[in-house]
Student: 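Handing you a structure now.
So that the names make sense, note that chain A is the first sequence line, chain B the second, and so on, each numbered from 1.
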Amino acid sequence: MPCPDASRPTRAPTAPVPVPHGGRQRGRGYIAHFAGARPAGFLPSGDPAMRLSRLVGQRTKDTPKDAQNVSHIYMMRGGYVRPVSAGIYSLLPLGVRVTAKIEAIIREEMDRVGGQEVLMPVVLPQELWDESGRSKTVGPELLRFKDRNDKPMLLGMTHEEAVVHLARSEVSSYRQMPFMLYQIQTKYRDEARPRGGLIRVREFTMKDAYSFHADAEDLARYYEQVHEAYVRIFRRVGLRNCVSIQSDSGMMGGAVSHEFMAIADCGEDTVYLSPDGRYKANKEIARSGLKFLHEAPLPLEKVHTPGRTAIEEVAAFLGVEPSRTGKAVFYVDGDGKLVFALIRGDLEVNETKLRNYLKSRELKFADDGAIRAAGAVPGYASPLGLDPAKVRVIVDPSAAESSNLVVGANEPDYHYRGFNYGRDLTAAEVVDIAVVRPGDPCPVTGLPLEMCRGIEVGNIFQLGTKYSLSMNCNYLDANGKAHPMVMGCYGIGVGRTMAAVVEQSHDQYGPVWPMSIAPYHVHIIGLNPRQPGVAEAAEKLYQELLAHGVEALYDDRGEKAGFSFNDADLIGVPLRVIVSPKTLEAQKVEFKTRDGSRHEMIDLAGAGEFLVGEVKAALAGYR
RNA sequence: CGGGGCGUGGCUCAGCCUGGUUUAGAGCGCUUGGUUCGGGACCAAGAAGUCGGAGGUUCAAAUCCUCUCGCCCCGACCA
């Protein structure tokens, strides 16, 4: 078809056939481009593809200064997202297409394990959170406000209360159990510090699911099914390196929980992995299989250590390794009570472990005044001679099971040699509170643990009856007796998942999308479209792909080759076709994969069919 | 919340230390015309900024001072 206006070859040469609204996919419909006059008040839709000349969302050559990590840089530069405020982003058309595909995969897998999609409000009355008690326990990350009638409201950061509100009024019989409800909804958390681009934001889209069971056994069974669904989801969205690890269930309550971690350097979490994959744990709860030195106990002996307070100084002064000493660390818990922690000198206290053991929300280093008040001497504090009424003593196994340690003497400038737990101190709680170090032996396999960083893209919890008890969410059993429903909850961060995929799949030019969530399947570039035949051939291929349901992005701008190629790299569509005078001369088009694995000339005549086949084959790999 | 950094056209930045040759610049992007045309071309002409905001010092403030707001990074917190 001839170009209608030869002086403006970069305009799309043909108008699409307007298609009325209808047949919209669940969730979101796309509005197609316009390349010509359209009837007033009429938005054509139904075209799954796009001409690049019409696409809103400019690529940029410069890296925005606020972008630090790879995913953030490419999502900004590629025209996927734009910042609005700290930790708050708009999604541009490309970003919407990617997240919509991630959501579609999540829906399929949630439906597959019997989930029923619902949609709960973002704005919730505070009274619901008063019922569960969380309006008191959750801090300022919960955004609260009042409506015009002065009624306290809040923005949902998670929806346990809302879903329980739903469940307790809709379901009352054991015959209706179990069931699972899920939604894909905006969440708001007023983070103290949003960071990492799309990794930690204040407003985000999350799939959150809640299952309800008659008993814990049923929950445990179902939990395994959801775990499998999660493994499928993260494989299907194209995360190559995503592990499920044991995690700290923290303040969510409940016993069993897993986090799904996309391994990436910019991740906020530290993960320990056994090389054979048999042990995987978050740093917050990771254990090590360290062996401790047992010897014949030596007598307790006071030694002069003038001015030596730090472990390194004491050890050097006495000519022993730091691992032959005991380190004293004082904390103050949330109730202001003093806690004394004793750990082997070369190890650190894991405050999350300690906090969990103490069931204390807060834990701070004690200042010298508080230490003295308990009868201890800062710098020379000792497990010996502490007043049990004033301080709670926690001993890590590394200190409890090691023989003949050097510890403080509770007297300025003096330490003890030959401290042995069980002989010199008995009345203490022995609990693992140690930070694991990379290379420490795995508690399961004994192999050296590897440490890496992970992005938490999903988590699953066996919640139990925490919310059903407090919010009175019961069912009647066969005998007409009421029981609290036993709950599980399951989250996935959609935007985080998109960012994590980019972190794991990119090169120096831009993202390399997996076919399953790529914004488009095929990127067609018409080079020198003013030359005879090029625009026509590219347009024909474009229409042919559309007719076969392939989502094609058509670069019809007639930009210089390098410019177009760089844009294509930055967008990251997995398959690329180049139509140019050169290729047409040989009745060919050029085919290239974004990952660089393939690059070949294919016949123009069969190009459409070829590409349809390639897309189908690639998609099949993500089913 | 503690520490650090940064706010100058849509984007990246220079100018600030040492106030006045600055009617506030450059590159990218954008508009118009022309030449180019396979890895971010070139020429010419243009549009676009109350220099984050308020107050102060001064004959004179993007520049110095005070306050304030916003954004980014490290930490704390959170998941």
Side-chain angles (χ1 to χ4, degrees), chain A residues 7-10 56-69 72-73 76-77 79 82-88 134 137-142 157-158 187 189-197 199-202 204 206 208 245 247-253 257-261 266-269 282-285 334 351-352 355 361-365 454-461 489 491-493 496 508-510 525-531 534 555 557-570 576 578-585 589-590 592 596 599 601:
Chain A
S7 70
R8 301 184 64 186
T10 60
V56 174
Q58 196 59 245
R59 271 74 51 208
T60 65
K61 202 186 285 190
D62 289 315
T63 298
K65 68 174 175 181
D66 292 345
Q68 301 287 324
N69 56 44
H72 193 199
I73 289 170
M76 293 279 286
R77 286 190 54 205
R82 292 289 182 254
V84 175
S85 183
I88 299 180
R134 280 210 294 187
T137 56
V138 176
E141 64 269 25
L142 178 62
M157 47 186 284
T158 167
K187 299 275 187 279
R189 292 184 190 172
D190 213 9
E191 292 286 349
R193 182 157 106 73
R195 69 184 90 184
I199 306 294
R200 185 174 208 77
V201 291
R202 287 148 81 196
F204 54 100
M206 182 173 175
D208 50 321
I245 66 172
S247 65
D248 168 29
S249 53
M251 289 296 144
M252 288 295 283
S257 68
H258 286 82
E259 290 169 338
F260 285 77
M261 291 286 180
C266 71
E268 293 187 281
D269 291 80
N282 194 310
K283 177 180 184 176
E284 293 175 338
I285 63 152
E351 293 180 20
T352 307
R355 198 162 32 230
R361 194 171 174 76
E362 271 185 77
L363 202 60
K364 285 186 294 206
F365 282 122
I455 301 167
E456 184 188 346
V457 287
N459 53 42
I460 56 179
F461 292 94
C489 72
I492 292 179
R496 262 188 190 187
Q508 59 179 306
Y509 304 109
I525 300 174
L527 282 186
N528 300 316
R530 268 203 275 183
Q531 300 287 318
V534 173
D555 185 350
R557 301 170 303 171
E559 288 289 349
K560 288 188 55 104
F563 194 90
S564 282
F565 293 159
N566 278 295
D567 266 3
D569 288 340
L570 214 37
R576 183 178 311 174
I578 300 154
V579 182
S580 76
K582 215 168 70 181
T583 67
L584 289 181
E585 203 174 316
V589 296
E590 183 178 337
K592 235 178 140 170
H599 187 187
M601 302 299 288

Student: Atom CZ of A:F461 to atom P of B:A79: distance rounded to whole Å?
Tutor: 8 Å
Student: Please state the P separation for the pair B:A45 and B:G27 - nearest whole angstrom.
Tutor: 12 Å
Student: Does A:A192 reach a base, just sugar-phosphate, or nothing at all? Heavy atoms under 4.0 Å.
Tutor: base
Student: So does A:K592 reach the base of B:G39 with its side chain, donor to acceptor, closer than 3.5 Å?
Tutor: yes
Student: Name the residue closer to the 5' end of RNA chain B, choosing between A:H599 and A:P64 according to the nucleotide with the nearest heavy atom.
Tutor: A:P64
Student: Looking at OH of A:Y509 and CZ of A:R77, how far apart are the two atoms once the value is rounded to the nearest 0.5 Å?
Tutor: 11.5 Å
Student: Measure from CG on A:N566 to P on B:G29 and round the result to the nearest Å.
Tutor: 12 Å
Student: In Watson-Crick or G-U wobble terms, both distances under 3.5 Å, what is the partner of B:G46?
Tutor: B:C30
Student: When all nucleic acid strands are considered with a 4.0 Å heavy-atom cut-off, which category describes A:L570: base, sugar-phosphate, or nothing?
Tutor: base
Student: Per the atom types in the model, does the base of B:G29 pair as donor or acceptor with the side chain of A:D62 at under 3.5 Å?
Tutor: no
Student: Got a donor-acceptor pair under 3.5 Å from the side chain of A:D567 to the base of B:G40?
Tutor: yes
Student: In whole Å, measure the gap between the C1' atoms of B:G49 and B:A24 for me.
Tutor: 8 Å
Student: Under a 4.0 Å threshold between the charged nitrogen and the carboxylate oxygen, would A:R576 count as salt-bridged to A:D569?
Tutor: yes
Student: For A:G196, report the nucleic acid contact type (base, sugar-phosphate, nothing); a contact means any heavy atom under 4.0 Å.
Tutor: sugar-phosphate
Student: How long is the line joining CD1 of A:I285 and C1' of B:A79, in whole Å?
Tutor: 14 Å
Student: Quick one: does A:N282's side chain have a donor or acceptor within less than 3.5 Å of a partner on A:I285's backbone?
Tutor: no
Student: I want to confirm an ordering. Mapping A:F563 and A:A86 to their closest nucleotides on RNA chain B, which one lands closer to the 5' end?
Tutor: A:F563
Student: Could you tell me whether the phosphate oxygens of B:A76, OP1 or OP2, come under 4.0 Å of any side-chain nitrogen or oxygen in A:R193?
Tutor: no
Student: So what does A:K61 touch, heavy atoms closer than 4.0 Å: a base, only the sugar-phosphate, or nothing?
Tutor: base
Student: Taking only the side-chain heavy atoms of A:K65 (C-beta and beyond), determine which of B:A41, B:U12, B:C71 contains the nearest atom.
Tutor: B:U12
Student: Using the P atom in both, what is the distance from B:G19 to B:A54, to the nearest Å?
Tutor: 24 Å
Student: Categorize A:N528 for me: base, sugar-phosphate, or nothing, with a 4.0 angstrom heavy-atom threshold over every strand shown.
Tutor: base
Student: Touch check for A:N459, heavy atoms < 4.0 angstrom, all strands: base, sugar-phosphate only, or nothing?
Tutor: sugar-phosphate
Student: With both distances under 3.5 Å as the test, what is the Watson-Crick or G-U wobble partner of B:U22?
Tutor: none
Student: Can you tell me the Watson-Crick or wobble partner of B:A79, both distances under 3.5 angstrom?
Tutor: none
Student: Sticking with atom C1', work out how far B:C74 lies from B:C30, rounded to a whole angstrom.
Tutor: 38 Å
Student: So what's B:C67 paired with, Watson-Crick or G-U wobble, going by both distances under 3.5 Å?
Tutor: B:G53
Student: Select one nucleotide: of B:C37, B:C72, B:A79, the one nearest the side-chain heavy atoms of A:Q68.
Tutor: B:C72
Student: Whole angstrom is fine here: how far is it from CG in A:D66 over to C1' in B:C72?
Tutor: 5 Å
Student: Separation of A:R59 atom CZ from B:U12 atom P, in whole Å?
Tutor: 17 Å
Student: In whole angstrom, what separates A:E559's CD from B:C30's C1'?
Tutor: 12 Å
Student: Just how far, in rounded Å, is P of B:C72 from CD1 of A:I88?
Tutor: 10 Å
Student: Are any side-chain N or O atoms of A:S564 and backbone N or O atoms of A:A561, one a donor and one an acceptor, separated by less than 3.5 Å?
Tutor: no
Student: Give me the distance, rounded to whole Å, that separates B:G9 from B:U50 when you measure between the C1' atoms they each carry.
Tutor: 13 Å
Student: Would you measure the distance from the C1' atom in B:G53 across to the matching atom in B:A62 and give it in whole Å?
Tutor: 14 Å
Student: Is a side-chain donor or acceptor of A:R202 paired with a backbone partner of A:D190 at a separation under 3.5 angstrom?
Tutor: no
Student: Report yes if a donor N or O on one partner sits less than 3.5 Å from an acceptor N or O on the other, where the partners are the side chain of A:E590 and the base of B:G38; otherwise report no.
Tutor: yes
Student: Check every strand shown and say whether A:P194 touches a base, only sugar-phosphate, or nothing at a heavy-atom separation below 4.0 Å.
Tutor: sugar-phosphate
Student: NA contact type, A:S564, heavy-atom cut-off 4.0 Å: base, sugar-phosphate, or nothing?
Tutor: nothing
Student: Using the C1' atom on both, measure B:U8 against B:G70 and round to a whole Å.
Tutor: 15 Å
Student: From CZ of A:R530 over to P of B:U36, roughly how many Å is that when rounded to an integer?
Tutor: 10 Å
Student: When rounded to the nearest 0.5 angstrom, what distance separates CG in A:D269 from CD in A:E284?
Tutor: 6.5 Å
Student: Without swapping roles, check the side chain of A:R189 against the backbone of A:M157 for a donor-acceptor pair under 3.5 Å.
Tutor: yes
Student: Identify whether any heavy atom of A:R496 sits under 4.0 Å from a base atom; if not, whether one sits that close to sugar-phosphate; answer base, sugar-phosphate or nothing.
Tutor: nothing
Student: How far does CE of A:M261 sit from CG of A:N459, to the nearest 0.5 angstrom?
Tutor: 9.0 Å
Student: So for A:E284 and B:A79, does any side-chain atom that can act as donor or acceptor lie under 3.5 Å from a complementary atom in the base?
Tutor: yes
Student: Please measure how far the C1' atom in B:U22 lies from the corresponding atom in B:G29, and state the result in whole Å.
Tutor: 24 Å
Student: Please state whether the phosphate of B:G40, meaning OP1 or OP2, lies under 4.0 angstrom from any side-chain nitrogen or oxygen of A:R557.
Tutor: no
Student: Which nucleotide, in any strand shown, forms a Watson-Crick or G-U wobble pair with B:U35, with both distances under 3.5 Å?
Tutor: B:A41
Student: I'd like to know whether A:V201 forms a side chain to side chain contact (heavy atoms under 4.5 Å, CB included) with A:E191, so could you lay out the CA-CA distance, the side-chain angles of the two residues, the decisive distance to 0.1 Å, and finally the verdict.
Tutor: CA-CA 7 Å; A:V201 291; A:E191 292 286 349; over 6 Å; no
